[in-house]
Asks: 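Following this message is one structure expressed as structure tokens.
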Amino acid sequence: MKVIGCDLFLDLDIFNVPKHFIDELKEEYIVKEVNTYNSDDTDISDVDIYFGNRINLDLIEKMPNLKWIHFGSVGVDKVLKMDKDIIVTNSKGTMDEALSCSALSMMFSLARGINHCYDLRFKNDLSRNSMNEYFDKLQSVYGQTILIVGCGDVGNKVSLVCETMGMNIIKITSKDNLDSKYLREADFVLNLLPYTEKTKSIFNKKAFGNMKNNSYFINIGRGETVVEKDLIEALENDWIGGAGLDVFEKEQKLPKSPLSDNSPLWDMENVIITPHIAGWSNNYWNKQIDLFRDNLKRYEKSEEMLNTINLKRGY
């Protein structure tokens, strides 16, 4: 009987694989709960298949029988340097709708000053006079320009909405160069980039310096693509108008907030922060389970699998 290792067991419900699916898997497989924070708790030397998000190279060394890794996320950066002949698949396609909704929510909230209204509400000062300070920052999205960096399925969904609002849309893929002329034109810069050696720290002081001082930076891609201290400097010095951030350069471990407790970003009124949940929705696990179940059947039959990642070519 094959053994499936899984790290999707946490205190937070949204990160917990549903019990009914684990019970289903246990009818044909041995399922081992993997504590990635203390992997010595469980003997995982017999694991054939790994299903989770927090696998790393050290953990892989403890699984000599490992044949297939499935990520419950799109990013597979934790295994980019792996040199073993192991199948890697990701969850591309399961979060596109949620991610596009998150990107658009941040874009509209920043443009319309919803973040400022939210702050003023908790200061008991939500009057029209209190918005005077922010009046010149309120924008109409119609006719503005959005630069979508790392455009794929999520970017295309965002584009459909932006097109209906008469926006100018610039798309570049993860393999294109981040040209300064695009940054200078954009009212919104949406970062959807995965983390690779090429995309690491691509949003830095130079990039933010090329953006318009009333433009907004939105990141729901990978935190490591941004030099966070440069972003903070850009926000503090009004090089850009604001930011919507769901991911961060160095994320803290669960159950803490991913953003470090002492980050200056917490106190910035022109910044929207969400705790790395842009891809989550009430339909997430249904899609995730369908994908893993389908790929499990393909794996057992030695058929072509969905969302296979070629680590040598990048992704």
Side-chain angles (χ1 to χ4, degrees), residues 1-92 94-95 195 222-224 247-248 250-258 275-277 279-280 284-302 305-309 311 315:
M1 184 177 287
K2 288 188 175 68
V3 180
I4 297 176
C6 183
D7 65 31
L8 299 172
F9 301 90
L10 292 169
D11 295 335
L12 301 176
D13 289 343
I14 61 173
F15 292 108
N16 253 316
V17 61
K19 183 179 182 301
H20 72 81
F21 185 53
I22 295 300
D23 291 341
E24 175 188 322
L25 291 175
K26 285 181 177 178
E27 293 176 6
E28 298 183 48
Y29 302 90
I30 297 171
V31 179
K32 288 191 173 183
E33 179 177 339
V34 181
N35 180 351
T36 55
Y37 303 128
N38 189 359
S39 57
D40 293 332
D41 281 357
T42 307
D43 177 15
I44 56 175
S45 60
D46 56 351
V47 168
D48 304 280
I49 299 166
Y50 193 93
F51 177 26
N53 293 334
R54 295 180 299 283
I55 194 170
N56 54 56
L57 298 183
D58 291 337
L59 207 60
I60 291 172
E61 291 300 320
K62 298 179 180 180
M63 296 182 283
N65 293 320
L66 188 60
K67 304 294 189 302
W68 168 34
I69 301 168
H70 176 74
F71 279 87
S73 60
V74 177
V76 300
D77 41 277
K78 293 181 177 65
V79 299
L80 285 179
K81 296 181 179 180
M82 182 179 70
D83 59 0
K84 295 180 179 291
D85 188 19
I86 297 173
I87 299 169
V88 177
T89 57
N90 72 357
S91 293
K92 179 182 179 182
T94 61
M95 294 172 275
Y195 172 68
R222 274 291 181 260
E224 299 94 332
V247 292
F248 309 93
K250 294 180 180 178
E251 297 196 352
Q252 298 186 112
K253 293 181 179 180
L254 292 167
K256 299 186 75 173
S257 167
H276 204 148
I277 57 168
W280 292 92
Y284 169 79
W285 278 113
N286 292 332
K287 293 183 177 182
Q288 184 66 246
I289 288 170
D290 287 346
L291 174 60
F292 186 72
R293 187 186 286 134
D294 189 350
N295 257 348
L296 196 54
K297 291 177 182 177
R298 292 168 181 261
Y299 175 78
E300 294 288 10
K301 295 178 181 179
S302 299
M305 297 172 68
L306 304 174
N307 293 356
T308 302
I309 304 298
L311 296 179
Y315 71 106

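This is a predicted model, so every value here is computed, not measured.
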Asks: Compare every heavy atom of Ile44 with every heavy atom of Met63, then report the nearest pair and how far apart it is.
Replies: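 Looks like CG-O, 3.3 Å.
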Asks: Under the 3.5 angstrom rule, does the side chain of Ser73 hit a backbone N or O of Gly75 as a donor-acceptor pair?
Replies: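 Flag set: sc Ser73 to bb Gly75 pair under 3.5 Å.
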Asks: Looking at Ile49, Ile60, Thr89, which one forms a side-chain contact (heavy atoms from CB on, under 4.5 Å) with Ile69?
Replies: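 Single pass found, and it is Ile60.
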Asks: In Å and rounded to the nearest 0.5 Å, what is the CD to SG distance from Glu33 to Cys6?
Replies: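 Reported value, rounded in 0.5 Å steps: 8.0 Å.
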Asks: How about His20 and Ile289: do any of their side-chain heavy atoms sit closer than 4.5 Å?
Replies: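 Contact flag for His20/Ile289 side chains = yes.
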Asks: Donor-acceptor check, side chain of Asn65 to backbone of Val47, threshold 3.5 angstrom: yes or no?
Replies: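 Side chain of Asn65 to backbone of Val47: no pair is present.
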Asks: Do His70 and Asn307 pass the side chain to side chain contact (heavy atoms under 4.5 Å, CB included) test, and can you show the C-alpha distance, the side-chain angles, and the key distance before you say yes or no?
Replies: CA-CA 9 Å; His70 176 74; Asn307 293 356; 5.8 Å; no
Asks: To the nearest 0.5 Å, tell me how far Leu66 CG sits from Asp85 CG.
Replies: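 The CG atom of Leu66 sits 11.0 Å away from the CG atom of Asp85.
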Asks: Taking only residues two or more places apart in sequence, or in another chain, which ones meet Lys84 in a salt bridge (charged side-chain N to carboxylate O under 4.0 Å, His left out)?
Replies: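 If we apply the salt bridge (charged side-chain N to carboxylate O under 4.0 Å, His left out) test to Lys84, skipping adjacent residues, the hits are Glu61.
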Asks: Kindly give the heavy-atom pair with the smallest separation between Arg222 and Tyr195, and that separation in Å.
Replies: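 Of all heavy-atom pairs spanning Arg222 and Tyr195, the closest is CG-N, 3.6 Å.
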Asks: Stepwise, does the side chain to side chain contact (heavy atoms under 4.5 Å, CB included) test hold for Ile87 with Lys67?
Replies: CA-CA 6 Å; Ile87 299 169; Lys67 304 294 189 302; 6.0 Å; no
Asks: Please report the shortest heavy-atom distance between Gly279 and Tyr284, naming the atom on each side.
Replies: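 Closest heavy-atom pair between Gly279 and Tyr284: O-CD1, 4.2 Å.
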Asks: When you compare the side chain of Ile30 with that of Asp46, does any pair of heavy atoms fall below 4.5 Å?
Replies: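 They are not in contact (no side-chain heavy atoms under 4.5 Å apart), so the answer is no.
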Asks: Determine the minimum heavy-atom distance between Glu28 and Met1, stating which atoms define it.
Replies: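 Answer, listing the atom of Glu28 first, then Met1: O-CG, 3.4 Å.
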Asks: Taking Asp48 for the side chain and Lys2 for the main chain, is one N or O donor matched with an acceptor at less than 3.5 Å?
Replies: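 Not confirmed, Asp48 side chain does not pair with Lys2 backbone.
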Asks: Applying side chain to side chain contact (heavy atoms under 4.5 Å, CB included), run through Tyr50 and Phe71 and close with a yes or a no.
Replies: CA-CA 8 Å; Tyr50 193 93; Phe71 279 87; over 6 Å; no
Asks: Please determine if Asp294 and Arg298 form a salt bridge, counting it only when a charged side-chain N lies under 4.0 Å from a carboxylate O.
Replies: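 So Asp294 pairs with Arg298 through a salt bridge.
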Asks: As a quick check of understanding, evaluate side-chain hydrogen bond (donor to acceptor under 3.5 Å, both in side chains) for Gln288 and Ser91, giving each step before the final call.
Replies: CA-CA 7 Å; Gln288 184 66 246; Ser91 293; 2.9 Å; yes
Asks: Any donor and acceptor pair, going by atom type alone, linking the side chain of Asn53 with main-chain N or O of Gly72 inside 3.5 Å?
Replies: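 Yes, the answer is positive, given that a donor and an acceptor are paired below the 3.5 Å cut-off.
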Asks: Please round to the nearest 0.5 Å and tell me the distance separating atom CE of Met305 and atom CG of Leu296.
Replies: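 So the CE of Met305 and the CG of Leu296 are separated by 8.0 Å.
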Asks: For the residue pair Trp68 and Phe292, does the interplanar ring angle fall in the parallel (under 30°), tilted (30 to 60°) or perpendicular (over 60°) class?
Replies: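 Plane angle under 30°, so parallel.
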Asks: Between Asp7 (side chain) and Val34 (backbone), is there a donor-acceptor pair under 3.5 Å?
Replies: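 Here the side-chain-to-backbone pair does not exist.
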Asks: Can you confirm whether Phe21 sits close enough to Leu8 that some side-chain heavy atom of one is under 4.5 Å from a side-chain heavy atom of the other?
Replies: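 In short, these two side chains do not touch, never coming nearer than 4.5 Å.
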Asks: Less than 4.5 Å apart, any side-chain heavy atom of Asp290 and any of Thr94?
Replies: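 Contact flag for Asp290/Thr94 side chains = no.
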Asks: Side chains of Ile309 and Leu311: does their closest heavy-atom pair fall under 4.5 Å?
Replies: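 The answer is yes, as the side chains (C-beta and beyond) meet within the 4.5 Å cut-off.
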Asks: Please check: side-chain N/O of Lys32 versus main-chain N/O of Asp43, any donor-acceptor pairing under 3.5 Å?
Replies: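 Here the side-chain-to-backbone pair exists.
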Asks: What is the distance from atom CD1 of Ile86 to atom CD1 of Ile55, rounded to the nearest 0.5 Å?
Replies: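 So the CD1 of Ile86 and the CD1 of Ile55 are separated by 7.0 Å.
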